[in-house]
2 protein chains.
Amino acid sequence: MSETEARRAGRPRKAVLNRERITEHALELVSDDGYESFTMQRLAKSLGVSPSALYNHVDSKNDLLQWIQELVMADIDTSVFDEADIKEALLQWATSYRNVFARHIPLIPVIAVLPVSDSPRTLGMYERVAEALSDYGMAESEVVPTIVALESFIFGSAMDTAAPHDIFDTRNHQDLTPHFTQAVAAQRRSKLNTSDDSFQHGLSALVTGLLAIRS
Amino acid sequence: MSETEARRAGRPRKAVLNRERITEHALELVSDDGYESFTMQRLAKSLGVSPSALYNHVDSKNDLLQWIQELVMADIDTSVFDEADIKEALLQWATSYRNVFARHIPLIPVIAVLPVSDSPRTLGMYERVAEALSDYGMAESEVVPTIVALESFIFGSAMDTAAPHDIFDTRNHQDLTPHFTQAVAAQRRSKLNTSDDSFQHGLSALVTGLLAIRS
DNA sequence: ACCTGAACACCGTTCAAGT
DNA sequence: ACCTGAACACCGTTCAAGT
């Protein structure tokens, strides 16, 4: 007797909801339609249940966003720390980190306030980076500030990804902003994507600067 | 005849709402109770009008947040660019910038997507920084990436300000994260506030790194 | 244990009606 | 021109009732 037949016969169906199924459906909805249209009602509909059913498995929408975050963290590549030197590894890891959250910007405020102990994968990532920085010879007291600084830059840069391409359009104020207008024109001439260019430019400077602080 | 008497007499009162009054009331509400409880209904109540009345003056809540942003930008100190050398000026300006938006975190996603031409004060600030960087001798094509990188770090750091103090509590995973656990302990021993410490640490590295790129 | 349906307490926003 | 009051189209979440 199939599950559908059993349901038709009136037998109470077995639970169809669990963390895995909910999270995967949520991630699919988010990837397809973005976070603006991601609501508990739509998620419920896509799972074929009523919205209230979700609350037998998840405490709040914020909780669910944390589940998604934990899933998304798996996409960040930390394997470079085993292969490349510290500078190259930091550059590649940070780039991977930024690109992942550029696709999940609304998760950033959620993570920023989340104790790392609630996210095993985040904790594992921090451990890997901390180990690499210690091996490099960085002072113990500077490891956390270094990680936090990198993460702040990464999150800020991920958000910048959402900026419109003409964000620096100064057409109507050219006379009042001569230096900035010229700088915008010069950047446009030499590079395709301002956000990517600025990220790599800043990341290189930041990593170099952070690794230069030896005690 | 006072305005109140006129109203009592049934004469149509003159408009009580305008951008200035709305924005100032909004800023006061936000400063007192935070952004979570900042709603159009509450703002209307504090102004003594019905919620729908606001929409005769503002197109949307997002618009209103942009008005607040423009007001808040006035708090950022750019005067240092006239007094100190470029490095010191960038450090002080960035610190001022971060501290202002640490008190207005929910504005960050609004600004990040806002064309600068919609915010005169932001444009003015960019012009001042661009001028200083040009005077310093930075290549034209690197001025915008430098500003964007600094801003990304500033916004990310402002958000980090909202993190709980025990965000790095690894009590339950000490054995799995030896390096990170030790780094957290070391940082705690030497510094009071992780967020402030990390910001200054990263800012110093970033500014040094950005100014070192000479062509 | 897990689901449904109705309800609650909100949101931001629109709009006809008044002055 | 500007305001009110009612209404709309949503939210996230709770809870009694069912199986």
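Just so we're on the same page: letters track the sequence lines, and every chain starts at 1. Values reported hereafter were calculated over all heavy atoms of this structure, with side chains retained and with hydrogens, waters and symmetry mates removed.
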Q | F155(B)-F155(A) aromatic ring centre distance below 6.0 Å | A |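 For F155(B) and F155(A), the ring centres are not under 6.0 Å apart.
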Q) Is it true that Y126(B) and F180(A) have ring centroids separated by less than 6.0 Å? A)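 Aromatic pair counts; centres sit under 6.0 Å.
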So if I take every side-chain heavy atom of [X] and compare against [options], which nucleotide ends up nearest?
X: R42(A); options: dT13(D), dC11(D), dC3(D); value: dC11(D)
X: H57(A); options: dC2(C), dG12(D), dG12(C); value: dC2(C)
X: K61(A); options: dC11(D), dG12(D), dT4(C); value: dG12(D)

Expressed as a whole number of angstroms, how long is the span from [X]:[atom1] to [N]:[atom2]?
X: Y55(A); N: dA7(C); atom1: OH; atom2: C1'; result: 14 Å
X: L54(B); N: dA1(D); atom1: CG; atom2: P; result: 19 Å
X: E36(A); N: dC11(D); atom1: CD; atom2: P; result: 13 Å
X: M40(A); N: dC3(C); atom1: CE; atom2: P; result: 13 Å
X: F38(A); N: dC10(D); atom1: CZ; atom2: C1'; result: 16 Å
X: N18(A); N: dA1(C); atom1: CG; atom2: C1'; result: 14 Å
X: L43(A); N: dT13(D); atom1: CG; atom2: C1'; result: 14 Å
X: L65(B); N: dC11(C); atom1: CG; atom2: P; result: 15 Å

**Q.** Who pairs with dA17(C) - Watson-Crick or G-U, where each distance is under 3.5 Å
**A.**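 Check on dA17(C): unpaired, no WC or wobble geometry under 3.5 Å.
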**Q.** Identified pairing partner of dA9(C), criterion: Watson-Crick or G-U wobble below 3.5 Å
**A.**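 Looking at the geometry, dA9(C) pairs with no nucleotide.
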Q. Hey, which of these two, N56(B) or A53(A), hits DNA chain D nearer its 5' end, going by closest nucleotide?
A.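 This one resolves to N56(B).
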Q) Mapping P51(B) and T39(A) onto DNA chain D by nearest heavy atom, which one lands closer to the 5' end? A)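 Nearer the 5' end of the strand: P51(B).
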Q) Taking all non-hydrogen atoms of both residues, which atom of N193(B) and which atom of H165(B) are closest, and how far apart? A)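 Shortest heavy-atom contact: ND2-NE2, 4.5 Å.
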(Q) Minimum heavy-atom separation for S46(B) and H25(B), please, with both atom names. (A)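 Here S46(B) and H25(B) meet closest at OG-CD2, 3.1 Å.
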(Q) Check this for me: does the side-chain of S52(A) come within 3.5 Å of the base of dG5(C) through a donor and an acceptor? (A)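 Flag set: donor-acceptor pair detected.
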(Q) Quick check on dG12(D): is either OP1 or OP2 less than 4.0 Å from any side-chain nitrogen or oxygen of Q41(A)? (A)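 So the side chain of Q41(A) is within the cut-off, an N or O lying under 4.0 Å from OP1 or OP2 of dG12(D).
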Q.
Quiz question: by atom type and distance under 3.5 Å, do the side chains of N172(B) and S117(A) form a donor-acceptor pair?
A.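 Their side chains do not contain a donor-acceptor pair, so the 3.5 Å distance test is not met.
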Q) Which part of the nucleic acid, if any, lies within reach of S50(A) when heavy atoms closer than 4.0 Å are counted: base, sugar-phosphate only, or nothing? A)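 Base contact.
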